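Worksheet: the structure to be examined is printed underneath.
This one's a predicted model, so the numbers in the text were calculated from it and none came from an experiment.
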Amino acid sequence: MPEQGPRMNGFSLGELCWLFCCPPCPSRIAAKLAFLPPEPTYTVLQPEQQQQEAGAAAGAGTPTGSGTCSLHLSERADWQYSQRELDAVEVFFSRTARDNRLGCMFVRCAPTGRYTLLFSHGNAVDLGQMCSFYIGLGSRINCNVFSYDYSGYGVSTGKPSEKNLYADIDAAWQALRTSIDKISKVTSPVLVIHGTEDEVIDFSHGLAMYERCPRAVEPLWVEGAGHNDIELYAQYLERLKQFISHELPNS
């Protein structure tokens, strides 16, 4: 098999020639530049797979299983908690309108919490890398956390693209509504948080979202925060606490 040759910033020389010598396809260029899926840091065993493994291990003719998917993290996931917290992480699959299988995660980190946060993670991580963060975040703001992997990330099938991304978030929202049986209509206010020095998603996007949301509450513009460090600023957590504890209940 011939070698692909050197690569520059994720592109092979052949791909660079295609970009600059042939009529480019904007969507393919955007997908190549915007999405950076890592090597998966977790696996998910479905009930029938667990039964097969249990049967093989026990030598039984009729293995039994739990009936739910099982999460297995690799060392690269950097899990920071005990098995007890891991047992509170529920994983399952949903299906998007573009027929991709979507890996979903529901983190029950706030048994007394009234709300569930739908969290869309960054473009260079997957659910395995994020689940420790979700437990820490949800525990501090008294919220459960629901998240998902974009198409082509983690255990989600398909390829990362703008169109798939829209289908992913729609499928995640529908899946959350059927995990959460008390939600009949979205009426909650919206809190917009954005770092003023975000080098990936320009600060102007946060402003535009705030201006167009009919029920937006007072936003948080984190002075000096970038795209990947905003959660390290103290005001990030404090603003979320205020939103969860006071503004949502009184809306």
Distance check, rounded to the nearest 0.5 Å: Leu237 atom CG versus Arg140 atom CZ? 7.0 Å
When rounded to the nearest 0.5 angstrom, what distance separates OG in Ser245 from CD1 in Ile141? 9.0 Å
Any side-chain heavy-atom pair of Pro189 and Leu248 under 4.5 Å: yes
Spatial distance of atom OH (Tyr115) from atom SG (Cys143) [nearest 0.5 Å]: 8.5 Å
Is there a path of hydrophobic side-chain contacts, each under 4.5 Å between heavy atoms of I/L/V/M/F/W/Y residues, joining Val155 to Leu86? yes
Leu137 side chain near Leu117 side chain, heavy-atom distance below 4.5 Å: yes
If you compare all heavy atoms of Glu231 against all heavy atoms of Phe133, which two are closest, and at what distance to 0.1 Å? CG-CE1, 3.9 Å
Output, in order, the C-alpha distance, side-chain angles, deciding distance and verdict of side chain to side chain contact (heavy atoms under 4.5 Å, CB included) for Thr196 and Val222. CA-CA 6 Å; Thr196 61; Val222 184; over 6 Å; no
Looking only at heavy atoms, what is the nearest atom pair of Val125 and Gly122, with distance? CG2-O, 3.7 Å
Sorted by chain and number, sequence neighbours left out, side-chain hydrogen bond (donor to acceptor under 3.5 Å, both in side chains) with His205 holds for none
Any idea which heavy atoms bring Ser156 and Asp149 closest together, and the distance? OG-O, 2.7 Å
Should we say atom CD of Glu39 is surrounded by more than 12 heavy atoms from elsewhere, each under 6.0 Å from it? no
Side-chain (Asp198) to main-chain (Phe203) donor-acceptor, under 3.5 angstrom: no
Would you give the length of the straight line joining atom CG of Leu102 to atom OG of Ser151, rounded to the nearest 0.5 angstrom? 6.0 Å
Beyond-backbone contact of Pro37 with Pro160, side-chain heavy atoms, under 4.5 angstrom: yes
Side chains of His194 and Tyr210 in contact at under 4.5 Å (non-hydrogen atoms): no
Mind checking whether Tyr81 and Val107 sit in one hydrophobic cluster, side chains of I, L, V, M, F, W, Y counted as touching below 4.5 Å? yes
So how far is it from Ser204 OG to Met209 CE, rounded to the nearest 0.5 Å? 12.0 Å
Could you check if a side-chain atom of Ser147 sits within less than 4.5 angstrom of a side-chain atom of Leu127, using non-hydrogen atoms only? yes
Electrostatic pair Glu247-Arg239, nearest N-O below 4.0 angstrom: yes
Does any pair with a residue in residues 148-167 pass ring-ring contact (aromatic ring centres under 6.0 Å, His included), and if so which ones, sequence neighbours excluded? His121-Tyr150, Tyr148-Tyr150, Tyr150-Tyr153
Of all heavy-atom pairs linking Ala171 and Ser94, the shortest is O-OG, 3.9 Å
Mark yes or no for whether Ser139, through its side chain, and Ile135, through its backbone, hold a donor-acceptor pair below 3.5 Å. yes
Under a 4.5 Å side-chain heavy-atom rule over Ile, Leu, Val, Met, Phe, Trp and Tyr, are Phe243 and Trp221 clustered together? no
Can you confirm whether the side chains of Tyr236 and Asp229 place a donor and an acceptor under 3.5 Å from each other? no
Report yes or no: does Ser74 contribute a side-chain atom to a donor-acceptor pair with the main-chain N or O of Tyr42 at less than 3.5 Å? no
Please tell me whether Phe146 and Phe119 form a close aromatic pair, meaning their ring centres lie under 6.0 Å apart. no
Within the 3.5 Å criterion, strictly below it, is a donor on Thr96 or Asp168 matched to an acceptor on the partner's side chain? no
Is the shortest heavy-atom distance from the side chain of Cys109 to the side chain of Val145 under 4.5 Å? yes
Are Leu118 and Thr116 packed together at the side-chain level, in the sense that at least one heavy-atom pair is separated by less than 4.5 angstrom? no
Compare all side-chain heavy atoms of Pro249 with those of Arg114 and state whether any distance is below 4.5 angstrom. yes
Please identify each residue that fulfils side-chain hydrogen bond (donor to acceptor under 3.5 Å, both in side chains) with Arg101, with sequence neighbours left out. none
Contact list for residues 83-95, test salt bridge (Lys or Arg N to Asp or Glu O under 4.0 Å), sequence neighbours left out: Glu90-Arg108, Arg95-Asp99
Backbone N/O of Gln129 and side chain of Arg76: donor-acceptor pair under 3.5 Å: no
So, the side chain of His227 versus the backbone of Glu197: is there a donor-acceptor pair under 3.5 Å, distance only? no
Residues at least two apart in sequence or cross-chain that pass side-chain hydrogen bond (donor to acceptor under 3.5 Å, both in side chains) with Glu75, listed by chain then number, are none
Walk me through it: do Ser132 and Asp78 pass the test side chain to side chain contact (heavy atoms under 4.5 Å, CB included)? CA-CA 8 Å; Ser132 286; Asp78 192 26; over 6 Å; no
Who passes side-chain hydrogen bond (donor to acceptor under 3.5 Å, both in side chains) against Asp126, sequence neighbours left out? Thr41
What do the steps show when you test Tyr134 against Asn144 for side chain to side chain donor-acceptor pair (under 3.5 Å), and what is the final call? CA-CA 8 Å; Tyr134 292 152; Asn144 294 312; over 6 Å; no
Taking a hydrophobic cluster as the set of Ile, Leu, Val, Met, Phe, Trp and Tyr residues connected by side-chain heavy atoms closer than 4.5 Å, whether directly or through intermediates, do Met105 and Phe93 fall within one such cluster? yes
Could you check whether Ser70 and His72, counting side-chain N and O atoms only, form a donor-acceptor pair closer than 3.5 Å? yes
If hydrophobic clusters are built from ILVMFWY residues whose side chains come within less than 4.5 Å, do Leu220 and Val192 share one? no
